[in-house]
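FYI, side chains are in, hydrogens and waters are out, and symmetry mates aren't considered; it's all heavy atoms of this structure.
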Amino acid sequence: LLTIVFIGDGAPAGNYGYTNSGYSVYEEENERLTESLRTKVSAIKSLSIEIGTEVKNQNKMLSEMDNDFDSTGGLLGATMGRLRTLSRGSQTKLLCYMMLFALFVFFVIYWIIKLR
């Protein structure tokens, strides 16, 4: 007697005829690995979104610092211009007073530090 059995005949509907073979084990492992990969991709996605947010915040802070340095540079340039005007003029008496005042402040700070 010769009996021909088709793979799909008589097997339960959910197994697709793979009940006696090892294919269902491979499918379960494939589903487990797929889920693991899905969680890893989700974690990488959230991490990259957080990195993007941090980069935007850092760029905003750098832009604000650039504006602050520009305004400070303008103020410093104006002060240097005034000092050049002062040094070029014949106001040596005023320059001498400034130097004596700076020397006095230096000695006061030195004296305060020395007393500690």
S.K.: Same cluster for Ile113 and Val105 if Ile/Leu/Val/Met/Phe/Trp/Tyr side chains link at under 4.5 Å?
M.R.: yes

S.K.: Could you tell me whether Glu35 and Arg32 make a salt bridge, using a distance below 4.0 angstrom between a side-chain N and a carboxylate O?
M.R.: no

S.K.: Does Leu62 form a side chain to side chain contact (heavy atoms under 4.5 Å, CB included) with Asp66? I'd like the steps, not just the answer.
M.R.: CA-CA 6 Å; Leu62 284 174; Asp66 186 41; over 6 Å; no

S.K.: Taking Thr72 for the side chain and Asp68 for the main chain, is one N or O donor matched with an acceptor at less than 3.5 Å?
M.R.: yes

S.K.: Atom CD in Glu50, atom OG in Ser46: separation rounded to 0.5 Å?
M.R.: 5.5 Å

S.K.: Could you tell me which residues satisfy side chain to side chain contact (heavy atoms under 4.5 Å, CB included) with Glu64, sequence neighbours excluded, listed by chain and number?
M.R.: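 Glu64 satisfies side chain to side chain contact (heavy atoms under 4.5 Å, CB included) with Lys60 once adjacent residues are dropped.
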
S.K.: Rounded to the nearest 0.5 Å, what separates atom CE in Met99 from atom SG in Cys96?
M.R.: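 Atom-to-atom, Met99:CE and Cys96:SG are 8.5 Å apart.
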
S.K.: Going by heavy atoms in the side chains, are Tyr26 and Asn30 under 4.5 Å from each other?
M.R.: no

S.K.: Is Tyr110 linked to Leu115 within one hydrophobic cluster, defined over Ile, Leu, Val, Met, Phe, Trp and Tyr using a side-chain heavy-atom separation of less than 4.5 Å?
M.R.: no

S.K.: When rounded to the nearest 0.5 angstrom, what is the spacing between OG1 in Thr34 and CD in Glu29?
M.R.: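 Those atoms lie 10.0 Å apart.
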
S.K.: Any chance you could measure Asn67, atom CG, to Ser71, atom OG, to the nearest 0.5 Å?
M.R.: 7.5 Å

S.K.: Indicate, with yes or no, if Val55 and Leu47 share a hydrophobic cluster defined by side-chain heavy-atom contacts under 4.5 Å among Ile, Leu, Val, Met, Phe, Trp and Tyr.
M.R.: yes

S.K.: Without swapping roles, check the side chain of Ser42 against the backbone of Arg38 for a donor-acceptor pair under 3.5 Å.
M.R.: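 Side chain of Ser42 to backbone of Arg38, a donor-acceptor pair under 3.5 Å: no, none is there.
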
S.K.: Enter the distance from Met80:CE to Leu75:CG here, rounded to the nearest 0.5 Å.
M.R.: 12.0 Å

S.K.: How far does CZ of Phe104 sit from CD1 of Ile109, to the nearest 0.5 angstrom?
M.R.: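 Those atoms lie 10.5 Å apart.
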
S.K.: Run Asn57 and Met61 through side chain to side chain contact (heavy atoms under 4.5 Å, CB included) and show every step you take.
M.R.: CA-CA 6 Å; Asn57 290 338; Met61 188 173 22; over 6 Å; no

